[in-house]
Protein chains: 2
Amino acid sequence: MDKVKDIVKERLQLHGIKPSLQRMAVMEYLMTHRTHPTADMIYTDLYPSIPTLSKATVYNTLNLLVERGVVRMITIEEKNARFDACMEPHIHFRCRDCGAIIDVDVEAHWIPAMPDGITVEMSETYCIGSCAECNKRKVS
Amino acid sequence: MDKVKDIVKERLQLHGIKPSLQRMAVMEYLMTHRTHPTADMIYTDLYPSIPTLSKATVYNTLNLLVERGVVRMITIEEKNARFDACMEPHIHFRCRDCGAIIDVDVEAHWIPAMPDGITVEMSETYCIGSCAECNKRKVS
DNA sequence: ATCCATTTTTAGAACTATTCCATTTTTATT
DNA sequence: AATAAAAATGGAATAGTTCTAAAAATGGAT
């Protein structure tokens, strides 16, 4: 009866990933939290409900998911990698003031013309500036 | 008589940065090595000629240069930050096979329409795939 | 030149994100 | 139930970066 878990399981299996408890938990977390969390945030939030969970498992799972193209890794922040289960074309904006990372929808992602011989598998566009809330705060 | 050093010094002073020996060296390195080096590469290469150089100074300098908008930090690689003194609009391509980071010229950098209230200061586009050499190698 | 305040550099410790490793647990198969 | 393979675990190890406190360099004012 748990629709979400069924979708999660299907998405993993579709990419040849065995849906273990831990992998399901990480994937479900990413699909239900569109906050571009770090590995540590995922671990911290899942730990209470899976007390045997290890950080290594979270990292292993995330690496596997990225490898198989189920989630994407976002390197918009030097410090830590962030993860996003939404594979629709969109770009990311980071607010320099509050640190929020915001999805920005685009019709189609821009991929500039490449020099001869180069083949592009994926591309990411990162924008950095101030978000609406922080801009408002500054004026007042 | 050293033209390069004059240009380096001018570029630092233009941004209110006192041109110390170390800062000059880091900036000159970035301007003459268009390889998007890491902090460690810069340190390792400069160390022989400045034997008192400390890694902290390299990091301090790079952070200062980025803050003042003299160089840009490239986070195309999770592991370490890379630096680029070229501020002309261009994007970066990383070869998944050999790790090379290549400049790709663009007429103008794409900045998608942002939701209301957001102001964008800068944007970066990263492409990942296989470079010409690696593609050639794979066919043969 | 000398003194003083300020800025910059330095070395190494500290911190943090991530990976590695050896062991244990779980899962699937016979 | 026995066995083999895959996954998870905890903790140690690694690596990039920052922090800290002290030393060195710089730039006036005297």
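Below, read A as the first sequence line, B as the second, and so on, with proteins coming before strands; counting in each chain starts at 1. Reckoned from all heavy atoms, side chains included, excluding hydrogens, waters and symmetry mates.
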Identify whether any heavy atom of A/Leu21 sits under 4.0 Å from a base atom; if not, whether one sits that close to sugar-phosphate; answer base, sugar-phosphate or nothing.
nothing
Taking heavy atoms of chain A and a 4.0 Å limit, find me the 5'-most and 3'-most nucleotide of DNA chain D within that range.
D/dA6 to D/dT18
Taken to the nearest 0.5 Å, the spacing of A/Trp110 CH2 from A/Thr125 OG1 works out to 7.0 Å
Please work out which of the three classes, parallel, tilted or perpendicular, describes the rings of B/His92 and B/His36, given edges at 30° and 60°.
perpendicular
Starting at atom CD of A/Glu67, determine the distance to atom C1' of C/dT18, rounded to an integer number of angstrom.
15 Å
Ignoring the backbone of A/Tyr59, work out which of C/dT18, C/dT10, C/dT8 is nearest its side chain.
C/dT18
Give B/Thr57 one of three labels, base, sugar-phosphate or nothing, depending on what nucleic acid heavy atoms sit under 4.0 Å from its own.
base
d(CD, B/Glu78; P, C/dT18) in whole Å:
9 Å
Touch class at under 4.0 angstrom, heavy-atom based, for A/Asn63 against every strand present
sugar-phosphate
Basic-acidic side-chain contact under 4.0 Å: B/Glu77, B/Arg82
yes
Show your working on side-chain hydrogen bond (donor to acceptor under 3.5 Å, both in side chains) between A/Asp45 and A/His33 and close with a plain yes or no.
CA-CA 11 Å; A/Asp45 286 357; A/His33 296 74; 5.2 Å; no
Calculate the interatomic distance between A/Tyr43 atom OH and C/dT16 atom C1'; express it in whole Å.
15 Å
Take B/Lys18 and A/Phe83, find for each the nucleotide of DNA chain C with the closest heavy atom, and name the residue whose nucleotide sits nearer the 5' end.
B/Lys18
Nearest-angstrom distance from the residue atom NZ of B/Lys55 to C1' of C/dG12
12 Å
When you match B/Thr61 and A/Arg82 each to their closest nucleotide on DNA chain C, which lands nearer the 5' end?
B/Thr61
By the 4.0 Å heavy-atom rule, please label B/Thr38 as base, sugar-phosphate, or nothing.
nothing
Between B/Leu65 and B/Arg23, is a side-chain contact (heavy atoms from CB on, under 4.5 Å) present by the stated rule, with each step listed?
CA-CA 9 Å; B/Leu65 292 172; B/Arg23 289 168 175 173; over 6 Å; no
Expressed as a whole number of angstroms, how long is the span from A/Met24:CE to C/dT27:P?
13 Å
Are OP1 or OP2 of C/dT19 and a side-chain N or O of B/Lys79 less than 4.0 angstrom apart?
yes
In terms of side-chain geometry, is the basic nitrogen of B/Lys138 or B/Asp97 positioned less than 4.0 Å from the acidic oxygen of its partner?
yes
Please determine whether the number of non-hydrogen atoms from other residues, nucleotides or ligands lying under 6.0 Å from atom CD of A/Gln13 exceeds 12.
yes
Without decimals, in angstroms, what is the distance between A/Ile74 CD1 and C/dA17 C1'?
17 Å
In whole angstroms, how far is the C1' atom of C/dT7 from the CD1 atom of B/Ile17?
14 Å
I need the CG-C1' distance between B/Asn60 and C/dT8, as an integer number of Å.
9 Å
